[in-house]
Amino acid sequence: MKVLVLNCGSSSIKYKLFDMISGEVMAQGGIEKIGLPGAFLKLTDKDGKKVVLEKEIPGHKEGIEFILSILTDKTYGCIKEYNEIDAVGHRVVHGGEKFASSVKIDQDVINKVVECSDLAPLHNPANLKGIDAMEALIPGIPQVAVFDTAFHQTMPAKAYMYGLPYEMYTKYGVRRYGFHGTSHRYVSRRACEILGVPYEEQKIITAHVGNGGSIAAVDHGKCVDTSMGLTPVEGLLMGTRCGDVDAGALSFIMDKEGLDGHGLSDLINKKSGVAGLVGGSSDMRDLENAVAAGDERAIMTLDVYNYRIKKYIGAYAAAMGGCDILVWTGGVGENQWATRRVVCENMEYMGMKIDVEKNEGMRGEEMVISTPDSKVTIIVVPTDEEYMIAADTMDILGK
């Protein structure tokens, strides 16, 4: 069974084609700048080299058509015809309270995703464009929606409710939903597979840390809390998102700067976080280089970034009454060993001891980085959201 996984953004499409029998990634790549000048498709060829193909791509349908033409291309392709693709799995960002698991897409599902679009106006409409494009290009092909929010639907009300008038919840669905759910689900389960322990008996904290970042508390196989909220802005300091901030500070800034809702959204989503604090790049590698050069503002920014992660780990250990496993994943979690060290230092009081030598320099591998006598197992697990989407697709269609 060959499953195509699509992640459609407002001006981008990422894809991977899996052979689910062998587990092989047959093809992968992505399109950027849909509807803009200079659009291109970047792929990894059969020899592992990066290839960039420029083309005018006015919309998502044309983008997916371009992807399918590359998959069947004599030079770059891996299949002969479109109909060799058995199914398509889509990342859908927001399922609200309507979806607690992945589902086969039908008109009812599409209608409900549309209803959730107010909660993710930049993402859900783009996800729907990908679904519509596949139906137009390969009519009748089975499609599955895998939701970023679904894994977090097991949170109790005490974790997801805000201290706002209750009508804000009943009228508009204002509550904590959380994101990166597919990643948190994958790495929490994968960590238990690696360690040979039963998933349903562990207290796990998963740290998906990168340009976007979130922490989740997974208690006996169920998510009980997560750091992102109604939107992906809440929680950790991120590349360009502010994370936790006093709502009163935002109304104060709106008055002082004369901002409307759109202006405020732009401020907290695109101009804040690491980029806003350091006054430059949101790339954590650039931040680390500035820290190494002794830049005081960069040092302060990295301190804020690391401290916020440490604080959430401590909070979720308290919420679960302990922690058995801490999982690091995401671009920073998998590769930035200095952040892992700083966050895990001085956590011996809760039974957490990092092996500094194992951790130092370790990037992108599945590896236990805690000491043998640590009560909390600290492990790095590279995430694979696309495989999780493909696996869900296969499971649902096989039922």
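This is a predicted model, so every value here is computed, not measured.
- Sorted by first and then second residue, the pairs that involve residues 181-208 and meet salt bridge (Lys or Arg N to Asp or Glu O under 4.0 Å), not counting sequence neighbours, are R185-D392, R190-E193, R190-E366.
- With a 6.0 Å radius and a threshold of 12 heavy atoms from other residues, nucleotides or ligands, Q107 has its CD atom above the threshold.
- Geometrically, R175 engages Y160 in a cation-pi contact defined by less than 6.0 Å to the ring centre and at most 45° from the axis.
- Formation of a donor-acceptor pair under 3.5 Å by the T301 side chain with backbone atoms of R297 is found in this model.
- Counting heavy atoms from C-beta on, the side chains of L267 and S272 come closer than 4.5 Å.
- Note on L236 and M300: same hydrophobic cluster, where clusters join Ile, Leu, Val, Met, Phe, Trp and Tyr whose side-chain heavy atoms are under 4.5 Å apart, directly or indirectly.
- Shortest non-hydrogen contact noted between A298 and V278 is CA-CG2, 3.8 Å.
- S374 contributes a side-chain N or O that, together with a main-chain N or O of G351, makes up a donor-acceptor pair within less than 3.5 Å.
- By the rule that hydrophobic residues join a cluster once side-chain heavy atoms approach within less than 4.5 Å of another member, V332 and V381 end up as members of separate clusters.
- Listed for the K16 side chain is no donor-acceptor partner under 3.5 Å among the backbone atoms of M26.
- Residue V103 comes nearest to I396 through the heavy atom pair N-CD1, 3.7 Å, listed as atom of the first residue, atom of the second, then distance.
- In this structure, the separation between NZ on K353 and CD on E348 is 7.0 Å, given to the nearest 0.5 Å.
- Atoms CE and CD1, on M367 and I379 in that order, are 10.0 Å from each other to the nearest 0.5 Å.
- Rounding to the nearest 0.5 angstrom, the gap separating the OG1 atom in T149 from the CG atom in L230 is 11.0 Å.
- Between H94 and Y177, the ring center distance clears the sub-6.0 Å criterion.
- Between the side chain of K2 and the main chain of D19, no donor-acceptor pair closer than 3.5 Å is present.
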Which atom pairs, one a donor and one an acceptor, fall under 3.5 Å between side chains of residues 52-65 and the rest of the protein, sequence neighbours left out?
| residue | atom | partner | partner atom | Å |
| --- | --- | --- | --- | --- |
| H60 | NE2 | G9 | O | 2.7 |
| E62 | OE1 | G59 | N | 3.2 |

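- Atom OH of residue Y305 and atom CE of residue M238 lie 9.0 Å apart, to the nearest 0.5 angstrom.
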Next item on the list: Show the numbers, then the answer: is there a side chain to side chain contact (heavy atoms under 4.5 Å, CB included) between C344 and W328?
Entry: CA-CA 11 Å; C344 294; W328 287 97; 3.8 Å; yes
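- Using a 4.0 Å cut-off between a side-chain N of Lys or Arg and a carboxylate O of Asp or Glu, K42 and E32 do not qualify as a salt bridge.
- The closest side-chain heavy-atom distance from I105 to I131 is below 4.5 Å.
- There is no side-chain donor-acceptor pair under 3.5 Å between N111 and E115.
- Salt-bridge formation is detected for the pair D283/R285: a Lys NZ or Arg NE/NH1/NH2 atom is positioned less than 4.0 Å from an Asp or Glu carboxylate oxygen.
- Contact of the Q202 side chain with the H220 side chain is not registered, since no non-hydrogen atoms from C-beta on lie closer than 4.5 Å.
- Side-chain N/O atoms of N306 and T339 include a donor and acceptor closer than 3.5 Å.
- The CG atom of D303 sits 11.0 Å away from atom CG of L277, with the distance rounded to the nearest 0.5 Å.
- Using a distance-only test at 3.5 Å, with no hydrogens or angles considered, no donor-acceptor pair links the side chain of D148 to the main chain of G178.
- In this structure the side chain of V146 never reaches within 4.5 angstrom of the side chain of H90, judged on heavy atoms.
- Nearest heavy atoms, C8 versus A126: CB-O, 3.4 Å.
- Contact detail for Q153 and A100: the closest heavy-atom pair is CB-CB, 3.9 Å.
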Item checked: Pair I205-V218, side chain to side chain contact (heavy atoms under 4.5 Å, CB included): steps then yes or no -> CA-CA 6 Å; I205 297 172; V218 184; over 6 Å; no
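- R340 places no side-chain N or O within donor-acceptor distance of the main-chain N or O of E360, the cut-off being under 3.5 Å.
- Using modelled atom types, one side-chain atom of R363 and one backbone atom of N335 make a donor-acceptor pair closer than 3.5 Å.
- The pair R176-E234 counts as a salt bridge, with a side-chain nitrogen and a carboxylate oxygen less than 4.0 angstrom apart.
- Between V376 and M350, the closest heavy-atom pair is CG2-O, 3.5 Å.
- Hydrophobic clustering (side-chain heavy atoms under 4.5 Å, transitive across Ile, Leu, Val, Met, Phe, Trp, Tyr) keeps I389 apart from I141.
- By the 4.5 Å heavy-atom criterion applied to side chains, V274 and R241 are not counted as neighbours.
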Next item on the list: Could you give me the CA-CA distance, side-chain angles and deciding distance for V109 and D106, then say whether side chain to side chain contact (heavy atoms under 4.5 Å, CB included) is met?
Entry: CA-CA 5 Å; V109 169; D106 57 20; 3.3 Å; yes
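- Both Y15 and I31 belong to a single network of hydrophobic side chains, linked directly or stepwise wherever heavy atoms of I, L, V, M, F, W or Y lie under 4.5 Å apart.
- Hydrophobic clustering of Ile, Leu, Val, Met, Phe, Trp and Tyr side chains at less than 4.5 Å, counting indirect connections, keeps L164 apart from M161.
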Next item on the list: Show your reasoning for whether side chain to side chain contact (heavy atoms under 4.5 Å, CB included) applies to M155 and T226.
Entry: CA-CA 8 Å; M155 286 190 293; T226 190; 4.0 Å; yes
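- A donor and an acceptor atom, one from each side chain of Y199 and S188, are located under 3.5 Å apart.
- Partners of Y312 according to the ring pair (Phe, Tyr, Trp, His ring centres under 6.0 Å) rule, which considers only residues two or more places apart in sequence or in another chain, are Y316.
- Side-chain contact check for T44 and K49: no donor-acceptor pair (N or O, by modelled atom type) lies under 3.5 Å.
- Summarising the geometry of L119 relative to G96, their closest heavy-atom pair is CD1-CA, 4.2 Å, with the distance given to 0.1 Å.
- In summary, the side chains of H208 and T329 do not present any donor paired with an acceptor at a separation below 3.5 Å, with no hydrogens or angles considered.
- From K171, atom NZ reaches atom OH of Y166 across 14.0 Å, with rounding to the nearest 0.5 Å.
- The backbone N or O of G89 sits nowhere less than 3.5 Å from a side-chain atom of Q143 that would complete a donor-acceptor pair.
- Side chain of D244 to backbone of G235: a donor-acceptor contact under 3.5 angstrom is found.
- Between I369 and V380 there is a side-chain heavy-atom pair separated by less than 4.5 Å.
- Using a distance-only test at 3.5 Å, with no hydrogens or angles considered, no donor-acceptor pair links the side chain of D73 to the main chain of S69.
- Residues V356 and R341 are in side-chain contact: their nearest non-hydrogen atoms beyond the backbone lie under 4.5 Å apart.
- For the pair L6 and V88, the minimum side-chain heavy-atom distance is below 4.5 Å.
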